[in-house]
Amino acid sequence: MKIKVINGPNLNMLGIREPEIYGKTTYSDLVELIKSKAEELCVECDFFQSNHEGDIVTQIQNCYNTFDGIIINPGAYTHTSVAILDALKSVGIPTVEVHISDVDSREEFRKFSFVSLYAEKVIKGKGFDGYLEALEYLTNK
């Protein structure tokens, strides 16, 4: 099984950005944690992070006929990007949306997700463990 892990804007700033919300662990720490779990589950993971919406859309499109699942934390694009939603719908790959923080308990605008209109599962507020839960979900489908 092959899973694409896509992270959107500002996730590269983990460990620096709002540590009271996101903690002090880094994006590299996140990647290593997921790699370790993937190895345990005998799953191949490929990682991508971008601050650019079009690059994320292209990565999703490139998953077609190549990946069995997508884990995506679209960052701020969660609440604004119909393009990312349409890309996910276009490729038809099982997708889990992950958010490190509990977006529902934050600003009002964060409560709506375009991606959730397609994602099979949405995981919020579980920190990095949310990615591991997403990996297990996709592996056990």
**Q.** Rounded distance [0.5 Å steps], CD1 in I70 versus CD1 in I3
**A.** 9.0 Å
Q. Could you go step by step and tell me if V5 and I34 meet the side-chain contact (heavy atoms from CB on, under 4.5 Å) rule?
A. CA-CA 9 Å; V5 181; I34 297 168; 4.2 Å; yes
(Q) Set out, in order, the CA-CA distance, both residues' side-chain angles and the distance that settles side-chain contact (heavy atoms from CB on, under 4.5 Å) for I71 and L135, then state yes or no. (A) CA-CA 7 Å; I71 297 170; L135 193 57; 4.1 Å; yes
(Q) Quick one, I72 and V98 - any side-chain contact, counting heavy atoms below 4.5 Å? (A) no
Q: Enter the distance from L33:CG to S28:OG here, rounded to the nearest 0.5 Å.
A: 12.5 Å
Q.
Under 4.5 Å between side-chain heavy atoms, counting indirect links through other Ile/Leu/Val/Met/Phe/Trp/Tyr residues: same cluster for Y27 and I123 or not?
A. yes
Q) Does a side-chain heavy-atom distance below 4.5 Å link V122 with V96? A) no
Q) Does D86 offer a backbone N or O that forms a donor-acceptor pair with the side chain of S90 under 3.5 Å? A) yes
Q | Cluster link Y137 to I6, ILVMFWY, side chain under 4.5 Å | A | no
(Q) So if I apply the side-chain contact (heavy atoms from CB on, under 4.5 Å) rule between I60 and each of N62, I56, V57, which one comes out positive? (A) I56
**Q.** Enclosure of F112 CZ (heavy-atom neighbours >12, cutoff 6.0 Å)
**A.** yes
**Q.** ILVMFWY network linking V31 to I100, side-chain heavy atoms under 4.5 angstrom
**A.** yes
Q. So do the side chains of V103 and T78 get within less than 4.5 Å of each other, counting heavy atoms only?
A. no
Q: Please round to the nearest 0.5 Å and tell me the distance separating atom CD of E97 and atom CG of L88.
A: 9.0 Å
Q. Between H79 and H99, how do the two ring planes meet: parallel, tilted or perpendicular, split at 30° and 60°?
A. parallel
Q: Would you mind checking if K4 and D46 are paired as a salt bridge, meaning a charged N to carboxylate O distance below 4.0 Å?
A: yes
Q | Polar side chain donor-acceptor pair, D55 to T58, under 3.5 angstrom | A | no
Q) About how many Å separate NZ of K24 and CG of D29, when rounded to the nearest 0.5 Å? A) 13.5 Å
Q) Between Y77 (side chain) and N51 (backbone), is there a donor-acceptor pair under 3.5 Å? A) yes
Q. Is there a side-chain contact (heavy atoms from CB on, under 4.5 Å) between C45 and F47 once you walk through the steps?
A. CA-CA 7 Å; C45 282; F47 299 87; 3.8 Å; yes
Q: Consider only side-chain heavy atoms of I, L, V, M, F, W and Y, link residues closer than 4.5 Å, and tell whether L117 and V115 are in one cluster.
A: yes
Q.
Can you confirm if the NZ or CZ of K89 lies within 45° of the ring axis of Y118 and under 6.0 Å from the centre of its six-membered ring?
A. no
Q.
What I'd like to find out is whether the side chain of M1 reaches to under 4.5 Å of the side chain of T139, using heavy atoms alone.
A. yes
Q. Should the pair K37-E136 be classified as a salt bridge under the 4.0 Å nitrogen-to-oxygen rule?
A. yes
Q) Does the pair E133/K126 count as a salt bridge with the N-to-O cut at 4.0 Å? A) yes
Please table the atom pairs, donor to acceptor, closer than 3.5 Å between any side-chain atom in residues 7-16 and protein atoms at least two apart or in another chain.
| residue | atom | partner | partner atom | Å |
| --- | --- | --- | --- | --- |
| N7 | OD1 | Y131 | OH | 2.5 |
| N12 | OD1 | Q49 | NE2 | 3.4 |

Q | Donor + acceptor pair across side chains of Q59, S50 (<3.5 Å) | A | no
Q. Would a hydrophobic clustering, with Ile, Leu, Val, Met, Phe, Trp and Tyr connected at side-chain separations under 4.5 Å, put V91 with F48?
A. yes
Q: Would you sort out whether K124 and S101 count as a side-chain contact (heavy atoms from CB on, under 4.5 Å), showing the intermediate values?
A: CA-CA 6 Å; K124 305 172 192 176; S101 70; over 6 Å; no
